[in-house]
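The next block holds one structure in the form of structure tokens; read it before the comments.
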Amino acid sequence: MVPVAILSAVGLIVDDRVLVDAPIWFKPFKFSLSFAAYALTLSWMLSLLPRGRRVVWWAGTVVAVACVIEIVIITGQAARGRRSHFNYATPFDEAMYNVMGGAVICLWLATFVLAVVLLRARIADRASAWAMRSGIFLALAGTAVGFLMDAPAPGQQKGVTDVVGAHSVGVPDGGPSMALTGWSTTGGDLRVPHFVGMHALQLLPLLVMVMIALAPRFTRLADDRVRLRLVLLASGVHAAVFVLVFWQALRGQPLNHPDGVTLGVAGLILVAAVLGTYGSLRAPAHRPGGKAPDAEGTGAVKEFT
């Protein structure tokens, strides 16, 4: 993924071609970065599991192969000046898109197997364990949003139109979009919940790492029960945000132009997050009469980092 990201970055500079109102090398660039983060996080998580599990090795290998198939087709189609997604213009384009669809299904199923293994695994630090479990299940939900994009948009029909499927809701793909992300600014965009869900895989474990790093200065964070409460709270908040942006996209509403209802729900989520954080930190950090945790954290936490 890293060489593809570098190649695509060069393409963004030297190749001025545009496809669906976006630089032609933008899609392979962002997909290679996303796949790199996904694969790196998964491989790190699997390193914490007991060794010798063949199912983990096979599932991880399926994820890696599926990612490679995806990025090779996306990059190849970009080089040809053709769409990689929703493209039924020629038998070759349709075949490539169908191969990508099969690869995504394999990736999702293999990740689900890894999620079940993580759910059943015994990991000493509970906050770390639930950050990984919540992250991978939210990533599965985010990936599943992509399956909805295959549905024909209004005016599209297989065997009739060259393009069948869309990530925009209420407006055609392309048109005005946000900088960097390319998300629509005039209608709903299913790529928003897709992104929010998938990258819980990185954000929740990162939260644990930040808490561990801050534990020497804030001794309450050295207690595993405090970290666990905060991780569970963050998982719930992230899930709520995922549902909110998914609902917003389905209503054909752009992320940068929320209506009053969306803002109201977002406000409730924010209040719940603030009150939950306050309650988690204010609750007793250790049992009465028990030994308070040292500022450096437990041995299990050190191994996690």
*Treating Ile, Leu, Val, Met, Phe, Trp and Tyr as nodes and any side-chain heavy-atom pair under 4.5 angstrom as an edge, say whether V245 and W247 lie in one connected cluster.*
yes

*Could you state the interatomic distance from CG (L214) to CZ (R227), rounded to the nearest 0.5 Å?*
11.5 Å

*asked:* If only side-chain N and O atoms count, and only distance matters, is there a donor-acceptor pair under 3.5 Å linking W183 with D189?
replied: no

*Any side-chain heavy-atom pair from V231 and M211 closer than 4.5 angstrom?*
yes

*Between L46 and W57, does a side chain to side chain contact (heavy atoms under 4.5 Å, CB included) hold up when you go through it step by step?*
CA-CA 9 Å; L46 299 185; W57 187 91; over 6 Å; no

_Return the CG to CG distance between L268 and L244, rounded to the nearest 0.5 Å._
10.0 Å

*Quick one: pull up CG in L232 and CZ in R126 and give me the separation to the nearest 0.5 Å.*
9.0 Å

*Would a 4.5 Å heavy-atom cut-off, applied to side chains only, mark V208 and L204 as touching?*
no

*Count the heavy atoms of every other residue, nucleotide or ligand shown that sit under 6.0 Å from CG of L263, and state whether that count exceeds 12.*
yes

*Check whether any side-chain heavy atom of M100 lies under 4.5 Å from a side-chain heavy atom of I74, and answer yes or no.*
yes

_Would a single hydrophobic cluster contain both L119 and M132, if residues Ile, Leu, Val, Met, Phe, Trp and Tyr are joined by side-chain heavy-atom contacts under 4.5 Å?_
yes

*Within 45° of the axis and under 6.0 Å from the centre of the six-membered ring of W130, does NZ or CZ of R133 qualify?*
yes

*Between CD1 of I71 and CD1 of I69, what distance do you get to the nearest 0.5 Å?*
12.5 Å

_Once rounded to the nearest 0.5 Å, what's the spacing between atom CD1 of I73 and atom CZ of R82?_
14.5 Å

_How long is the straight-line distance from CZ of F29 back to OG of S34, given to the nearest 0.5 Å?_
12.0 Å

*Side-chain heavy atoms under 4.5 angstrom apart, residues restricted to Ile, Leu, Val, Met, Phe, Trp, Tyr: same cluster for M96 and F86?*
no

Show the atom names and distances, to 0.1 Å, of all donor-acceptor pairs under 3.5 Å that link a side chain in residues 159-169 to residues at least two apart or in another chain.
residue: T161; atom: OG1; partner: Q157; partner atom: N; Å: 3.1
residue: T161; atom: OG1; partner: Q157; partner atom: O; Å: 3.2
residue: T161; atom: OG1; partner: V163; partner atom: O; Å: 3.1
residue: H167; atom: ND1; partner: D173; partner atom: OD1; Å: 3.4
residue: H167; atom: ND1; partner: R191; partner atom: NE; Å: 3.4
residue: S168; atom: OG; partner: D173; partner atom: OD1; Å: 3.0

*Determine, using ring centers only, whether F242 and H238 are less than 6.0 Å apart.*
no

*Do L42 and I136 come close enough that some side-chain heavy atom pair is under 4.5 Å?*
yes

*Check T262 against Q253 and note the closest heavy-atom contact, atom names and distance.*
OG1-OE1, 3.0 Å

*Using a 4.5 Å cut-off on heavy atoms from C-beta on, say whether the side chain of L118 contacts that of F137.*
no

*Quick check: are there more than 12 heavy atoms from other residues, nucleotides or ligands sitting under 6.0 Å from CZ of F112?*
no

*asked:* Between the side chains of D224 and R229, is the shortest nitrogen-to-carboxylate-oxygen separation below 4.0 Å, so that they form an ion pair?
replied: no

_Which atom of S280 lies closest to which atom of L230, heavy atoms considered_ = CB-CD2, 3.6 Å

*State which residue, out of H85, Q77, R83, fulfils the side chain to side chain contact (heavy atoms under 4.5 Å, CB included) condition with K27.*
H85

_Looking at Q248 and P254, would you say the former's side chain and the latter's main chain have a donor-acceptor pair under 3.5 Å?_
yes

*asked:* Main chain of L40, side chain of S43: is a donor-acceptor contact present, judged purely on distance under 3.5 Å?
replied: yes

*Is a side-chain donor or acceptor of W108 paired with a backbone partner of L140 at a separation under 3.5 angstrom?*
yes

